[in-house]
Number of protein chains: 4
Amino acid sequence: MCGIIGIENNNRAGALAVLGLMTLQHRGEESAGITISGKGALLTHKGMGLVSAVFARDVISSMPGTAAIGHVRYTTSSGSSLENAQPFYAKYEHGEIAVAHNGNITNFPKLRREFASKGALFAHSSDTEILLHLIAAAGGKPEHAVPAAVSRLEGAFSLVFLKGKTLIGARDADGFRPLILGKAGKSYILASESAAVEIIGGKCIREIKPCEIIIIENGKIKKSFLYKKPKKQNSCIFEQIYFSRPDSALFGKTVKESREELGRRLAKQMKHIKADIVMPVPDSGFFAAQGFSRESGIRFENGFVRNHYMGRSFIKPSQELRELAARLKLSVIKEVVKGKDIVVIDDSLVRGTTSRRIIRSLREAGANKIHLALSCPPVISPCYYGIDTPVKEQLISAQKTKEEIKKYLNADSVTFLSLDNLIKSCLGNAGGSPFCTACFTGKYPVKNKK
Amino acid sequence: MCGIIGIENNNRAGALAVLGLMTLQHRGEESAGITISGKGALLTHKGMGLVSAVFARDVISSMPGTAAIGHVRYTTSSGSSLENAQPFYAKYEHGEIAVAHNGNITNFPKLRREFASKGALFAHSSDTEILLHLIAAAGGKPEHAVPAAVSRLEGAFSLVFLKGKTLIGARDADGFRPLILGKAGKSYILASESAAVEIIGGKCIREIKPCEIIIIENGKIKKSFLYKKPKKQNSCIFEQIYFSRPDSALFGKTVKESREELGRRLAKQMKHIKADIVMPVPDSGFFAAQGFSRESGIRFENGFVRNHYMGRSFIKPSQELRELAARLKLSVIKEVVKGKDIVVIDDSLVRGTTSRRIIRSLREAGANKIHLALSCPPVISPCYYGIDTPVKEQLISAQKTKEEIKKYLNADSVTFLSLDNLIKSCLGNAGGSPFCTACFTGKYPVKNKK
Amino acid sequence: MCGIIGIENNNRAGALAVLGLMTLQHRGEESAGITISGKGALLTHKGMGLVSAVFARDVISSMPGTAAIGHVRYTTSSGSSLENAQPFYAKYEHGEIAVAHNGNITNFPKLRREFASKGALFAHSSDTEILLHLIAAAGGKPEHAVPAAVSRLEGAFSLVFLKGKTLIGARDADGFRPLILGKAGKSYILASESAAVEIIGGKCIREIKPCEIIIIENGKIKKSFLYKKPKKQNSCIFEQIYFSRPDSALFGKTVKESREELGRRLAKQMKHIKADIVMPVPDSGFFAAQGFSRESGIRFENGFVRNHYMGRSFIKPSQELRELAARLKLSVIKEVVKGKDIVVIDDSLVRGTTSRRIIRSLREAGANKIHLALSCPPVISPCYYGIDTPVKEQLISAQKTKEEIKKYLNADSVTFLSLDNLIKSCLGNAGGSPFCTACFTGKYPVKNKK
Amino acid sequence: MCGIIGIENNNRAGALAVLGLMTLQHRGEESAGITISGKGALLTHKGMGLVSAVFARDVISSMPGTAAIGHVRYTTSSGSSLENAQPFYAKYEHGEIAVAHNGNITNFPKLRREFASKGALFAHSSDTEILLHLIAAAGGKPEHAVPAAVSRLEGAFSLVFLKGKTLIGARDADGFRPLILGKAGKSYILASESAAVEIIGGKCIREIKPCEIIIIENGKIKKSFLYKKPKKQNSCIFEQIYFSRPDSALFGKTVKESREELGRRLAKQMKHIKADIVMPVPDSGFFAAQGFSRESGIRFENGFVRNHYMGRSFIKPSQELRELAARLKLSVIKEVVKGKDIVVIDDSLVRGTTSRRIIRSLREAGANKIHLALSCPPVISPCYYGIDTPVKEQLISAQKTKEEIKKYLNADSVTFLSLDNLIKSCLGNAGGSPFCTACFTGKYPVKNKK
């Protein structure tokens with residue numbers, strides 16, 4: 001997961017891009033970067049850590065320009081280093097170009113071999129770099145080069161390019177990762193979430209379509225076209241379950257509304273469960289728990305306090321301190337849970353380790369029965385389209401039966417939202433199912449290639 | 001406002017103190033520090049910023065010791081600099097001593113003049129330094145020196161001292177600022193909030209009493225006594241309204257429960273108000289809004305998204321960007337508020353500027369009627385006991401009539417919880433009113449001296 | 001000017017490379033970097049500033065490996081930024097490769113256009129990057145790729161490559177920049193100066209020849225050959241005049257000896273000059289002044305004190321302070337110069353601004369006659385082979401007559417060593433003239449192309 | 001050893017003080033600091049490391065003021081930490097005061113006990129802090145307080161104080177450490193060395209006398225008096241031997257001249273020694289070697305290359321690398337020493353470890369006979385007046401006979417300059433012996449107290 005943004009035709013493009021990245025910060029805390037189109041040259045500043053740290057005092061004011069793209073990167077198992085921070089940049093025959101990418105290019109190894117065999121150099125271990133090679137190989141103006149490059153890609157990608165003052169957006173054929181078009185005054189904006197458009201003062205216009213390329217210049221959409229014939233859409237449904245901000249909208253519904261509906265439908269599935277209170281695991285479970293409470297009539301309680309201040313820097317020198325640090329991240333209000341039968345709502349069950357710790361904390365605090373409810377089906381297959389899910393061997397639902405899971409977690413019951421209920425909750429004005437559900441079903445819309 | 005902690009008789013005293021400070025981080029984000037009793041010497045590490053930044057990699061592991069005190073400092077108008085970061089430390093005739101202080105010593109100017117006239121040196125601008133002079137002037141063992149020093153102080157103070165491996169706690173005569181005694185295994189803990197005791201694995205025993213000094217050594221309470229005859233208790237009621245974590249307990253009640261009751265009683269005061277939804281200003285208004293909803297039956301909605309990632313470092317080069325940054329801190333979910341009559345619950349109204357901006361955001365998002373409800377009475381007098389409230393001239397309730405306030409905020413109505421309701425909400429097993437309410441009444445328990 | 005080093009077959013390759021770079025530090029203080037061949041991958045660490053700053057605590061111990069190359073970079077007018085710090089690195093079809101370069105590739109613009117037109121990407125503004133493209137384009141094993149790449153280059157280059165644990169050296173056809181082969185125990189070393197070989201405990205074997213490529217693996221010279229038929233050698237004679245350490249040897253003579261001879265021959269040229277003392281401009285003029293003194297019998301005096309502590313960071317807020325800071329870099333011992341007739345020996349006269357300031361300081365200190373003697377001829381043409389000389393317009397000897405120069409500098413006389421004397425001084429066991437003297441004659445061995 | 005400076009009545013006092021500290025940098029590289037008298041308050045900036053690092057970009061321009069004092073601190077065995085960096089500062093009854101100190105207060109432990117028993121607090125482990133207590137205890141105006149404070153001190157001290165815009169200097173009764181009065185334009189300057197006065201554009205007026213206090217305000221000497229009746233002067237003769245810059249003057253002679261004379265007299269003592277060359281250990285041995293050469297007629301050669309770039313940060317992970325790093329600091333030019341009989345001139349022999357390594361390097365480089373000549377007598381007693389000499393047990397001359405020393409160092413002969421010759425060399429226009437020679441004789445002018 002990552003977050004991307006692009007803004008053009010604005011004297012404060014850099015500062016607005018930083019604000020936009022702050023809005024998208026939850027999509028990636030590992031690194032942040034901005035490329036700005038200054039006087040005749042692209043300037044890039046990137047660094048490890050939060051946007052607020054990377055863009056500390058004076059950085060942005062020393063980078064004047066009227067168009068900018070930005071990127072926040074999620075910690076992935078591979079390569080946590082500055083060299084993988086985006087935007088990526090290169091000079092080539094037709095000048096300078098920069099790109100920021102959210103997703104995962106599944107035919108990257110093949111493309112890389114192809115280019116390497118022609119003598120291309122690679123400076124990064126990230127798949128995004130191949131895009132710059134494809135652009136350079138295609139040559140010519142962006143109108144020509146970007147579609148030529150993008151049509152060679154397979155997998156998941158939402159992209160923003162900066163070439164001079166031209167802002168270009170592109171999205172893969174399945175529409176895995178979101179990309180929103182917005183406008184603020186005379187400036188167009190491209191962003192991973194609608195909230196980023198709105199918070200910097202813009203209005204959302206529409207999503208960029210699967211297979212669409214959009215070329216924006218001087219406050220005008222110069223061109224917008226499909227580089228390939230689109231097929232069924234396969235948008236990642238984890239945006240609604242977990243990734244997106246609740247105030248972002250997807251398929252005509254705010255994520256908040258979708259999550260409430262997840263909770264309502266969970267409640268319907270769990271009619272047989274009796275409980276005193278329903279509690280969300282913060283922050284992602286909040287709206288689902290509220291929906292659950294409204295549907296079931298079971299009293300909503302906020303029995304966890306999440307600590308937002310925990311950095312990654314503190315070294316935990318012993319198992320005991322590691323445990324304490326984990327507990328500090330999510331502490332239980334004893335008086336809320338003591339002696340109570342509780343429905344705990346979490347977004348999903350992946351490895352199971354966090355849920356297990358949460359249930360142990362609740363038991364220590366004196367909870368009576370604990371019913372764990374997940375607002376999605378069992379995750380049984382890894383994602384190849386941009387989410388850093390663990391391999392199958394580490395997915396608890398791929399390795400254990402439901403009974404074993406219940407035992408492992410020490411829960412009184414474990415309920416997963418059905419796939420059908422999940423999809424129905426997230427459909428706004430969309431017909432059919434425009435969602436990728438490969439992680440629940442193992443049916444991948446696009447093959448993963450090595 | 002500040003947070004303090006002390007731990008003794010524990011090989012991991014330093015690491016546990018850091019975890020404790022992280023639990024108390026909401027009480028002060030400006031600076032953080034720890035003093036540890038190592039081999040024959042006190043070692044101090046402090047720095048500007050969050051605990052997680054100040055105690056980054058390896059710092060704590062290079063500070064072995066079995067007793068520690070710690071401090072987080074709130075940004076106050078005076079002196080945001082490393083020299084004011086605590087704990088404070090000095091060598092004197094009887095060795096080394098360190099102290100961490102939460103509160104405000106009202107007779108500090110007088111004491112300072114007294115000591116200066118005797119030739120004393122001052123290195124800091126903070127009132128806490130006078131304590132070290134008082135200790136040194138008293139001389140002798142801590143059993144003697146601490147009461148001698150502390151009995152000279154007027155105003156608000158909860159204190160933890162470290163002298164060798166001896167941990168000492170002290171509290172002012174009014175009990176303005178909280179100080180909790182807890183135990184984890186064979187170690188005693190002193191902390192500003194019960195949550196800090198519990199999260200590092202301890203159990204709360206009791207509050208340190210007004211006028212009490214407690215001396216702890218090698219896992220034993222060596223001595224505990226009143227240094228002065230206590231009078232009526234005057235604990236700061238803003239701990240319940242705003243400062244303390246919801247999972248901390250005061251006067252036999254969790255802060256969460258007190259806040260819910262604030263909301264219930266607000267609802268009773270506002271029976272005449274009709275609304276579609278009740279919304280908290282996050283995070284402090286949450287439980288009050290929930291209590292309000294339960295009492296009134298008006299639907300609870302979470303219509304704000306708070307951004308926890310905003311640092312202070314980003315320079316806002318223009319009024320427009322400053323506005324955007326403020327909006328980014330607290331954004332509105334349009335779909336929740338559009339066309340709705342809303343009760344907005346905030347903890348208090350001080351200057352009025354934030355509430356005004358919030359109401360403007362709600363209006364822009366299409367809210368219909370907006371009823372602002374505050375879970376305390378009008379703040380009309382500054383605090384001299386440790387809270388950084390503005391001067392009277394900047395307190396909106398001291399300057400404007402309720403009608404003018406409503407107009408200024410552009411609210412359809414503004415309701416303050418009555419003082420009686422406030423006190424009743426926060427009384428757990430306490431009889432009478434053990435609270436200081438000077439900020440609402442102007443009746444100060446202790447004079448402020450210049 | 002830059003310094004390069006390579007070491008292989010040594011468990012402490014990284015640490016030795018750092019020591020080697022410290023020995024070469026005088027060749028470039030702008031940036032420093034090391035690439036180490038670790039377990040199956042090349043690791044690079046580089047940064048701005050001195051070697052001792054870039055390789056501060058723990059950096060090198062976290063980079064295990066048995067072969068390493070390193071680079072120190074001189075401040076050039078173009079591009080003082082981390083992106084131009086070397087070694088450069090790329091992945092390509094045949095794995096990873098890193099390169100460090102001393103020199104200037106004169107046909108870089110042409111090569112760059114050629115590669116850009118084929119779709120190549122460029123991440124740096126430095127000419128060194130083209131080497132990686134040439135290697136990748138050549139493909140195959142280094143035995144094949146390096147000569148194919150290097151034979152396309154024109155201009156000045158001494159190169160060290162690291163490919164796995166293979167260390168490769170190469171030198172241009174003119175032999176502009178030095179490159180020494182040495183051995184320490186079972187490890188071969190390549191370095192810009194013999195002193196770097198010796199100080200890390202090795203012995204010098206020979207210079208790498210013009211047109212030579214040497215491939216070293218596991219403590220053995222796997223291959224060594226000429227990639228092109230060599231013509232007359234054109235080694236930069238400024239190595240002896242200024243760049244190299246006095247304890248380095250070139251053409252069978254230590255630089256110290258060559259410099260003394262420069263001074264002796266200067267003295268012979270200046271027999272008509274009467275003076276009380278001869279003084280070097282430290283540190284480069286020292287040995288020449290000593291030679292001058294021995295030849296002429298004029299008393300040697302060290303009348304300047306050079307301040308090695310001046311960083312670049314101190315901001316000089318006014319002309320007056322700038323003057324003081326310049327004076328602080330090189331202060332005069334008044335008592336030495338007062339009332340004296342002085343021969344001042346400096347290495348060369350480029351812009352003339354420093355010499356002018358020095359002479360002013362001497363006059364202020366009460367010197368009587370001041371005879372400036374330069375240990376090389378007038379510099380009248382810029383260098384295209386790796387020295388950052390100013391353009392012709394800023395070369396005082398290209399713009400002014402000798403009489404005008406004397407007047408501008410306010411010297412009583414100005415004497416340049418003759419070209420013939422310069423060359424004879426630096427010839428050790430070399431016959432003919434193996435030197436490039438383009439900066440004195442304007443006759444360039446290799447054309448500079450745009 | 002430390003360096004101090006003070007400048008008043010100058011709008012660029014801060015910048016000039018920084019330049020002055022750079023001139024004095026050789027006297028202490030551990031920490032640097034400046035206190036400036038700004039608008040109504042003293043501002044201090046200090047840090048660990050070189051002046052150029054501590055006063056990097058923009059620091060000084062953000063500290064306007066017209067008077068300043070500064071300090072560079074030598075690494076002493078005790079307490080290498082920021083808390084001991086000077087100037088020291090305190091607020092007391094009569095306002096703010098800052099002080100910078102060169103020396104060692106021998107009755108510090110007694111004074112400290114005296115003040116501690118009266119309740120004084122100490123924040124530092126340095127003896128300088130007692131001065132602030134003495135000033136505060138004396139009270140009143142500086143004219144009164146400084147002499148009252150200073151007359152209580154025993155031992156070695158040269159001091160500069162800043163109180164508002166008043167600059168005050170003071171020197172101990174023995175005149176152990178130097179303190180020079182100078183003037184630049186309308187500003188008075190106080191500095192540890194005359195070179196610092198001259199380099200920032202001033203002229204030296206005279207030394208501050210033993211027992212003298214000087215009070216300077218608005219470009220005028222307000223007062224200058226002896227706070228005590230002076231006895232015989234005991235200035236540290238190591239200033240001439242080692243500490244001071246060669247361009248500084250003491251007792252009417254430049255240090256350069258004194259050092260030459262040391263060399264001449266050494267030569268006279270060593271008439272029986274035959275040698276091919278005389279070589280200085282750089283940089284302190286240079287002028288003595290030159291004097292030696294002139295007197296003896298033995299050829300002067302510079303056979304060592306000193307590396308000024310070695311920082312302290314590089315971790316030497318093994319004995320072998322430590323050896324290499326030591327060698328890198330001082331490398332031998334083989335061609336100079338091979339087969340030669342050599343006189344090596346060093347300033348002094350303290351522990352003997354460095355000399356031993358130097359002689360080993362010379363032997364490895366092929367030197368034939370090696371005669372070590374020291375420009376002072378054997379050091380047999382530690383210094384209590386501000387030099388960080390090791391304890392007696394580590395002083396080679398206190399532990400071994402001359403024969404044993406020769407053997408340990410592996411020298412062919414070892415010659416020490418006689419005390420008489422040392423004193424005579426350093427006497428300029430001073431009569432008698434104004435020098436402390438306790439380190440050579442064990443006769444201490446002032447008792448050291450614990």
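Chain letters run A, B, ... following the sequence lines, proteins first, then strands; residues in each count from 1. We use all heavy atoms of the structure for the numbers below, so side chains are in, but hydrogens, waters and symmetry mates are not.
Heavy-atom pairs under 4.5 Å with chain C peak, among A:S117, A:A138, A:A137, at A:S117. Between chain A and the options C:H133, C:K118, C:R112, the largest number of non-hydrogen pairs under 4.5 Å is found for C:H133. Contact count versus chain C (heavy atoms, under 4.5 Å) is highest, among A:F115, A:F122, A:Y89, for A:F122.
If you measure heavy-atom distances from C:H124 to chain A, the contacts under 4.5 Å come from the backbone alone.
Side-chain contact annotation: C:S125 with C:N84, donor-acceptor N/O pair under 3.5 Å present.
A distance of 5.5 Å separates CG in C:L162 from CG in C:L42, rounded to the nearest 0.5 Å. Here CD1 of C:I105 is found 8.0 Å from CG of C:L134. Values are rounded to the nearest 0.5 Å.
Residues A:F88 and A:T44 are not in side-chain contact: their nearest non-hydrogen atoms beyond the backbone lie 4.5 Å or more apart.
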